[in-house]
Asks: 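What follows is a single structure, and I will ask about it in a moment.
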Amino acid sequence: MPWSSLDALSWALVLRLLALLRPPGLGEACTCAPAHPQQHVCHSALVIRAKISSEKVVPASEDPTDTQKMIRYEIKQIKMFKGFEKAKDVQYVYTPFDSSLCGVKLETNSQKQYLLTGQILSDGKVFIHLCNYIEPWEDLSWVQRESLNHHYHQNCGCQVRSPHATRCPVPSQPPMSVSGQTGCWNGSSMGTRPSTMSA
């Protein structure tokens, strides 16, 4: 039986009504490209180890017409790995309230410690989101912890291979020459830094 224009219009209205009635947040999502921990450290303004003391929902801006909310986490900073020149002692980190905007949910008032990477906004606030490297400290391997202190920030010029690539053996003296390129230790695999040619 062929469809009449009235049938098509009726179905279009039903579908539009269903779209308007869908629960908020359904179909909205935060998507992040996979990255190696070294890439996160190199592209972040701040890298710290911290405990989360409390959380509070606050307005995203001073503008009274802005309805966006942020979560302000009060933290106890344990160690700073990067960001000394921009922030001395971080007391708060901010994240979007909605997970669809890449907001981060962290445990408060527990003994859990986190590795937090993030950006420092123009107003001095530290901003974190799901696309940053945010991990419970206990979930980091020994190699990752050591790399935070030594290797990651020293090798930001490396082009880290895919995190799914085969792991290379730990080099004894990074960096080392590898067929016209300089090998870069990145904590779990070998990356490459383009060699510089002199004229």
Side-chain angles (χ1 to χ4, degrees), residues 22-141 144-158 160 163 186-188:
R22 72 173 168 73
L26 186 65
E28 300 169 3
C30 172
T31 305
C32 308
H36 188 278
Q38 178 174 312
Q39 292 169 304
H40 284 288
V41 169
C42 292
H43 293 112
S44 295
L46 184 84
V47 180
I48 58 174
R49 177 180 175 186
K51 279 182 169 179
I52 312 302
S53 303
S54 65
E55 72 178 83
K56 182 178 181 181
V57 177
V58 297
S61 72
E62 301 293 325
D63 181 0
T65 62
D66 185 1
T67 61
Q68 294 292 324
K69 301 288 183 196
M70 302 274 284
I71 297 175
R72 182 183 74 190
Y73 288 108
E74 182 177 2
I75 67 166
K76 180 181 184 292
Q77 180 179 307
I78 297 166
K79 183 170 184 177
M80 183 178 288
F81 299 98
K82 183 179 179 185
F84 306 101
E85 66 284 345
K86 295 182 182 176
K88 301 295 182 221
D89 185 32
V90 179
Q91 293 180 324
Y92 301 104
V93 295
Y94 295 81
T95 191
F97 179 76
D98 295 315
S99 61
S100 64
L101 298 175
C102 298
V104 179
K105 185 67 178 156
L106 302 172
E107 285 184 32
T108 60
N109 293 322
S110 73
Q111 293 302 313
K112 185 177 273 190
Q113 298 176 17
Y114 290 94
L115 173 68
L116 304 172
T117 67
Q119 302 305 322
I120 301 174
L121 304 177
S122 60
D123 61 3
K125 291 179 181 173
V126 175
F127 184 76
I128 63 172
H129 54 78
L130 285 175
C131 296
N132 292 123
Y133 190 52
I134 299 171
E135 291 289 331
W137 185 255
E138 65 197 28
D139 291 352
L140 298 177
S141 70
Q144 289 173 317
R145 291 178 189 189
E146 285 299 306
S147 294
L148 284 165
N149 285 315
H150 305 291
H151 302 294
Y152 287 162
H153 66 279
Q154 293 172 352
N155 290 306
C156 286
C158 289
V160 179
N186 66 31
S188 66

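Counting from 1, the numbers follow the sequence of the chain as shown.
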Asks: With a 6.0 Å cut-off (strictly less than), is the heavy-atom count around CD of Glu138, excluding the residue itself, greater than 12?
Replies: yes

Asks: Hey, does Met80 have a side-chain heavy atom less than 4.5 Å from the side chain of Asp89?
Replies: no

Asks: Should Glu55 and Thr95 count as side-chain neighbours, where that means a heavy-atom distance under 4.5 Å?
Replies: no

Asks: Would you compute the distance between atom OG of Ser61 and atom CE of Met70 and round it to the nearest 0.5 angstrom?
Replies: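 Going from the OG atom of Ser61 to the CE atom of Met70 covers 10.0 Å.
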
Asks: Please state whether the rings of His36 and Tyr152 are parallel, tilted or perpendicular, taking 30° and 60° as the class boundaries.
Replies: perpendicular

Asks: Would you confirm whether Tyr73, through its side chain, and Leu106, through its main-chain N or O, come within 3.5 Å as a donor-acceptor pair?
Replies: yes

Asks: Before giving the answer on side-chain contact (heavy atoms from CB on, under 4.5 Å), spell out for Tyr133 and Gln39 the whole-Å C-alpha distance, their side-chain angles and the decisive distance to 0.1 Å.
Replies: CA-CA 9 Å; Tyr133 190 52; Gln39 292 169 304; over 6 Å; no

Asks: Looking at Lys82 and Val41, would you say the former's side chain and the latter's main chain have a donor-acceptor pair under 3.5 Å?
Replies: yes

Asks: With no hydrogens and no angle check, is any side-chain donor or acceptor of Gln38 less than 3.5 Å from a backbone partner on Asn155?
Replies: yes

Asks: Testing the basics here: between Pro96 and Leu101, what is the closest heavy-atom pair and its distance to 0.1 Å?
Replies: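 Heavy atoms of Pro96 and Leu101 come nearest at CG-O, 3.3 Å.
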
Asks: Nearest 0.5 Å please: distance from the CG atom of Leu140 over to the OH atom of Tyr114.
Replies: 12.0 Å

Asks: Measuring from Ser99:OG to His129:NE2, what's the distance to the nearest 0.5 Å?
Replies: 14.0 Å

Asks: At their closest point, which heavy atom of Gln113 faces which heavy atom of Lys51, and how far apart are they?
Replies: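 Between these two residues, the closest heavy atoms are CG-CG, 3.7 Å.
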
Asks: Rounded to the nearest 0.5 Å, what's the gap from CD on Glu135 to CZ on Arg49? Could you check?
Replies: 14.0 Å

Asks: Donor-acceptor pair, Thr117 side chain versus His40 backbone, under 3.5 Å?
Replies: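 Side chain of Thr117 to backbone of His40: no pair is present.
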
Asks: What pair of heavy atoms forms the shortest contact from Tyr94 to Tyr92, and how long is it?
Replies: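 Scanning both residues completely, I find the closest heavy atoms to be CE1-CB, 3.9 Å.
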
Asks: Out of curiosity, Leu130 CG to Ser100 OG, how far, rounded to the nearest 0.5 Å?
Replies: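 Output value for this atom pair is 10.0 Å.
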
Asks: Which distance, rounded to the nearest 0.5 Å, do you find between the CG of Leu46 and the CD of Gln119?
Replies: 9.0 Å

Asks: Specify the closest pair of heavy atoms between Asn132 and Phe127, including all atoms of both residues, with the distance to one decimal.
Replies: OD1-O, 4.1 Å

Asks: For Glu85, is the CD atom crowded, meaning more than 12 foreign heavy atoms sit under 6.0 Å from it?
Replies: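 Counting neighbours around CD of Glu85, more than 12 heavy atoms of other residues, nucleotides or ligands fall under 6.0 Å, so yes.
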
Asks: Closest approach of Ile75 and Ala50, non-hydrogen atoms and distance?
Replies: CD1-CB, 3.9 Å

Asks: Would you check if the side chain of Gln77 reaches a backbone N or O of Val90 as a donor-acceptor pair within less than 3.5 Å?
Replies: yes

Asks: I'd like to know if Cys32 pairs up with Cys131 as a disulfide, counting it only when the SG to SG distance is below 2.5 Å.
Replies: yes

Asks: Does Asp66 reach the main-chain N or O of Gln68 with its side chain, forming a donor-acceptor pair under 3.5 Å?
Replies: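 At least one qualifying donor-acceptor pair exists.
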
Asks: Considering all heavy atoms of both residues, which atom of Ile52 and which atom of Glu107 are nearest to each other, and what is their separation?
Replies: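 Minimum heavy-atom contact is CB-O, 3.3 Å.
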
Asks: Walk me through it: do Trp137 and Ile78 pass the test side-chain contact (heavy atoms from CB on, under 4.5 Å)?
Replies: CA-CA 11 Å; Trp137 185 255; Ile78 297 166; over 6 Å; no

